[in-house]
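FYI, side chains are in, hydrogens and waters are out, and symmetry mates aren't considered; it's all heavy atoms of this structure. The first residue in the sequence is number 1, and the count goes up from there.
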Amino acid sequence: MKKYLSIIFTALVLASALTGCAGRANALEQSEVSDTDVSADMPEPETVPDDSFSKEDYQKLLALQLDDYRHMTISEFQSKVWKMTDTPEYTELLGRFSKSDTLYRMKDSDETAWFLFYILEPLTAENWKMRSYSGAAVSDMPSPAENATLEYTYTLTILAPDKVMVKDYNDMRANVKDALHDILRNRTKEELQNEALMLTELKTYIDEILSDLQTPEVSIDIAYAYFPISAENENPAGGYLDDYVEQRRHPNGTEEDYRSLLSLKTSDYQDMALADFNRALLEWTNENPERMERISEDTGWNDFQIEFTDEELSFVKLTAFLSGIENGKAIQSDYAGETVSPYYEEELPQKNAGKSRAAAWCRLYYRFSWRMKDAETVTVGERDRQIADMIDAIHAFWNDTDIESLLKLNESDIAQKLEKLAAAHSTDQITITTSQEQVHFEHMDERQYAN
């Protein structure tokens, strides 16, 4: 059964957040540009990488590369940038910059694009507290057919923006990426083919990355999938793999784990105030965090070794899952000193067309957030219905829209559709929101070039 990395990532973030630790998946990184200081004089740009913008537009972007910004705290940098850009014109311009495919492709080779996508957007956009970066590391065997691949998503969660310098945050991001790209280097062909060995070593190596690099001010979560050497597999970064191996970080939940969790499924739990149920779940989690980690990962994989009734399965996969997310975000809110909304994210199954699977394809990653007017009056059942209906509506849109119609759409079109669904599934008590920053839509049609 195909499993999606973003779903595993959701489960891992949930598990870590519940124990007091802590993304639109951002850049697909392959290399880093030099960390060269930008002149404070802000000269007019000699070249304009994306000619849909004027030199004056670029001058406004360059103006945000503040003198010695790297040694400012994140809070200080944010305050200055937000003050400078607090106009409708600047907001509109930055929105257009962030949607530029040309600049996005140049983020690892052009310093202006690098600043936009690795500094400005991650640290000053709406969802700056938690930012995800994805990429793929490839082994260094001489023949491409002999190379294994590690596909990863890592998330940095800023817990103390007034204590972390911009440079330190960027160094952490780059160091995590570099460490992940080092994992498969200098491996023998036999090692890369030995899936069990590599999964064991990957877990140890990634645990060391977390131990060495994360701090009390910035936490790190890493989700990953390992693709052993196989000449029959296409490049996973191209999006055409159906079956691949992903690493479970915990064993399956036991019957005792689930029996204990289901003790919270009282006869009237759907009519309970959501705040009361979430407190009960948090107390249960704190008694034994490891069992919640096992259950969370089972949920992310949709891999349960226990037989459930339909009601029990819904309680585990929906009620406990959503309340776990809400509890995790409540803990992050305490750290941040302001409300961090819970969210659901997912990558939907890729849609393909044509004689070859590579002929035409579409894929969609989305995230939506929700907030309660008053968790003391909203019931568990109300919350479950609204969030489940929103997820079902997105699935229905994706499944019922044929690929030829999807190929005519762009990311903005998809985001607008999901925004309408969010509005339709909101109530006076529960508000669901999404935005273009939380939607990532990719598509390609090569049939027009076929002979």
Side-chain angles (χ1 to χ4, degrees), residues 3-23 25 29 130-140 148-159 164 168-169 171-188 191-228 236 244-254 257 285-286 288-301 303 324 328 331-332 335:
K3 302 180 179 73
Y4 293 91
L5 188 59
S6 63
I7 298 175
I8 297 174
F9 163 67
T10 300
L12 294 176
V13 170
L14 166 62
S16 61
L18 285 170
T19 55
C21 306
E29 305 173 69
M130 178 181 288
R131 180 63 57 156
S132 298
Y133 303 88
S134 299
V138 180
S139 60
D140 51 2
T149 302
L150 176 70
E151 193 174 87
Y152 58 80
T153 293
Y154 63 93
T155 299
L156 305 184
T157 300
I158 300 171
L159 303 174
V164 182
D168 292 338
Y169 175 89
D171 286 347
M172 178 181 287
R173 177 194 62 77
N175 288 339
V176 174
K177 183 207 69 173
D178 290 344
L180 290 168
H181 279 255
D182 284 341
I183 293 177
L184 301 185
R185 289 177 182 155
N186 300 316
R187 299 280 183 176
T188 66
E191 287 177 318
L192 296 171
Q193 287 175 325
N194 189 333
E195 178 185 321
L197 170 67
M198 289 304 301
L199 290 178
T200 298
E201 296 207 3
L202 283 169
K203 182 181 185 306
T204 300
Y205 194 102
I206 287 174
D207 285 346
E208 290 176 355
I209 293 175
L210 296 175
S211 175
D212 291 343
L213 296 182
Q214 72 178 345
T215 69
E217 292 78 30
V218 182
S219 69
I220 305 169
D221 287 292
I222 301 175
Y224 56 97
Y226 178 63
F227 306 86
Y244 53 81
V245 178
E246 292 171 342
Q247 168 70 4
R248 283 191 66 105
R249 295 168 65 102
H250 304 93
N252 285 97
T254 66
D257 291 339
T285 300
N286 289 336
N288 186 346
E290 288 77 14
R291 67 186 173 191
M292 188 58 176
E293 291 176 357
R294 293 190 292 268
I295 291 173
S296 296
E297 192 159 351
D298 285 356
T299 304
W301 284 78
D303 177 24
I331 292 171
Q332 289 182 4
Y335 275 113

Would a distance-only check, ignoring hydrogens and angles, find a side-chain to backbone donor-acceptor pair under 3.5 Å from Asn194 to Glu191?
no
Under 3.5 Å: donor-acceptor pair, side chain of Asn175, backbone of Asp171:
yes
Does the side chain of Tyr154 reach to within under 4.5 Å of the side chain of Leu210, using non-hydrogen atoms?
no
CD1-CD1 distance between Ile222 and Ile209, expressed to the nearest 0.5 angstrom:
5.0 Å
When you measure from the side chain of Asp303 to the backbone of Asn252, do you find a donor-acceptor pair of N or O atoms at a distance under 3.5 Å?
no
Correct closest heavy-atom pair for Met130 and Thr155 would be CG-CG2, 3.3 Å
Using a 4.5 Å cut-off on heavy atoms from C-beta on, say whether the side chain of Arg131 contacts that of Arg173.
no
Non-hydrogen atoms of Met172 and Gln214 that approach each other most closely:
CE-CA, 4.1 Å
Between the CE atom in Met198 and the CG atom in Leu184, the distance rounded to the nearest 0.5 Å is 5.0 Å
Please round to the nearest 0.5 Å and tell me the distance separating atom CD of Glu290 and atom CD1 of Ile295.
12.0 Å
Any idea which heavy atoms bring Lys203 and Tyr224 closest together, and the distance?
CA-OH, 3.6 Å
Where the side chain of Asp257 meets the backbone of Met292, is there a donor-acceptor pair that is under 3.5 Å apart?
no
What distance do Ile206 atom CD1 and Leu150 atom CG have between them, rounded to the nearest 0.5 Å?
6.0 Å
Donor-acceptor pair, Ser139 side chain versus Ala148 backbone, under 3.5 Å?
yes
So which atom in Ser132 and which in Thr153 form the shortest heavy-atom distance, rounded to 0.1 Å?
CB-CG2, 4.2 Å
Is it the case that the side chains of Asp207 and Thr204 hold a donor-acceptor pair, with the cut-off being a distance below 3.5 Å and no angle test?
no
Taking every heavy atom of Glu195 against every heavy atom of Tyr226, the minimum-distance pair comes out as CA-CE2, 4.5 Å
From Thr215 OG1 over to Leu156 CG, what is the distance, rounded to the nearest 0.5 angstrom?
9.5 Å
Within-4.5 Å side-chain heavy-atom neighbours: Asn186 and Asp140:
yes
Tyr152 side chain to His181 backbone, donor-acceptor under 3.5 Å
no
What is the minimum heavy-atom distance between Leu202 and Ile183, and which atoms define it?
CD2-CG2, 3.1 Å
